[in-house]
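Note: hydrogens, waters and symmetry copies are ignored here, and every other heavy atom, side chains too, is used. Order of listing sets the numbers, starting from 1, for every ligand and every atom in it. Remember, predicted model here, so these are calculated numbers, not experimental data.
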Amino acid sequence: MSVHGKARKITTNTLLEMKEAGEKITMLTAYDYSLAKLVDRGGVDVILVGDSAANVMAGHDTTVPITLDQMIYHAQCVQRAVERALIVVDMPFGTYQGNSKIALDSAIRIMKEAAGHSVKLEGGVEIVDSIKRILTAGIPVMGHLGLTPQSIYKFGTYTVRAKEEEEAEKLISDAKILEEAGCFAIVLEKIPAPLAKRVSESISIPTIGIGAGPDCDGQVLVLHDMLGITTDFSPRFLRRYLSLEDQISQAVTQYCEDVRGKDFPNEKESY
Ligand code: KIV
């Protein structure tokens, strides 16, 4: 708590301090005002406006189709709700790869139009020029290594990454490159737990794991997955805290029954 009694805002420095103090960092996704408000009030440290919005909000099979305008719209909705958490906005596919000027322009749009606090980019050495250029504008950057869903057409599958020595060595090297470039944290997605431990111990910036075992400095899940709204996705790493799919379906069925049976609205619910 601050001296004014309000919850202290989380910054990139807070996350570094948490790693140094051995405190675990919590991160969840959000894409809209109402749920972002609940997530922020629930006390999560970082809210990711993830490009997983392409899947859970728009129903696409991959994260590839979502546009910068759509990400900015989601980030604007989230930003209006959040008082405490650090907001990270995913840069969508095609807005940062291969051209650092386009990357900087895209990141500036996210910061100016959506009032995001930082951006996240997928990849290692291949995108380090874009990361460095974004950082020159004072925009904090989170990295993302391991399974990088925007590259699904290269991998061909969403299975665990970096099981082989060569890919594991590249991932360790990429993590160091991102740290040296100035990233404030790195998401490690779906890699073996011992590798995630090794990376977390070998860099000074926090690692945030998803399917990367218990030794990352923090954990992230997709909100709709952990709330049980999306039930067709059940990877081993996912812990479901609610089964909202059932509860919401039951509520909708009950509502239909009440209306059709002329039970709703009753006298008290009428003017
Ligand atoms: O878009 C997303 O939700 C993500 C998380 C899986 C880390 O990038």
Does ligand 1 have a heavy atom under 4.0 Å from the side chain of [X], from its backbone, from both, or from neither?
X      : value
Ile210 : side chain
Asp90  : side chain
Asp51  : both

- Task: Return yes when His144 approaches ligand 1 closer than 4.0 angstrom through a heavy atom, no otherwise.
- Result: yes
- Item | Heavy atom of Glu122, distance to ligand 1 below 4.0 Å | no
Extract all donor-acceptor atom pairs below 3.5 Å that involve side chains of residues 182-199 and protein atoms in other chains or at least two apart in sequence.
| from | atom 1 | to | atom 2 | distance (Å) |
| --- | --- | --- | --- | --- |
| Glu189 | OE1 | His144 | NE2 | 2.9 |
| Lys190 | NZ | Tyr158 | O | 2.8 |
| Lys197 | NZ | Glu201 | OE2 | 3.0 |
| Arg198 | NH2 | Glu169 | OE2 | 3.4 |

- Message: Show me which atoms of ligand 1 lie under 4.0 Å from any heavy atom of Val222.
- Response: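 Listed by number with element, the hits are 3 (O).
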- Query: Can you list the atoms of ligand 1 that are under 4.0 Å from a heavy atom of Thr29?
  - Reply: 3 (O)
- Item | Nearest non-hydrogen protein atom, atom 3 (O) of ligand 1 | Ser52 OG, 2.5 Å
- Task: Note the single closest protein heavy atom to atom 5 (C) of ligand 1, along with its residue, its atom name and the distance in Å.
- Result: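 Atom 5 (C) of ligand 1 sits closest to the protein heavy atom Leu48 CD2, 3.7 Å.
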- Query: Is there a salt bridge (Lys or Arg N to Asp or Glu O under 4.0 Å) between Asp69 and Arg109 once you walk through the steps?
  - Reply: CA-CA 9 Å; Asp69 284 341; Arg109 278 199 63 200; 2.7 Å; yes
- Salt bridge check: are Arg161 and Glu166 linked by an N-O gap of less than 4.0 Å? no
- Hey, do the aromatic rings of His224 and Tyr31 have their centres closer than 6.0 Å?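 Yes.
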- Message: Would Arg133 and Lys101 count as a side-chain contact (heavy atoms from CB on, under 4.5 Å) here? Give the steps.
- Response: CA-CA 7 Å; Arg133 193 140 177 192; Lys101 173 73 172 73; 3.4 Å; yes
- Message: Among residues at least two apart in sequence or on other chains, which ones pass salt bridge (charged side-chain N to carboxylate O under 4.0 Å, His left out) with Lys112?
- Response: none
- Over 12 foreign heavy atoms within 6.0 Å of CD, Glu269: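 Counting other residues, nucleotides and ligands, CD of Glu269 exceeds 12 neighbours.
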- So is Lys120 polar-close to ligand 1, meaning N/O to N/O under 3.5 Å? yes
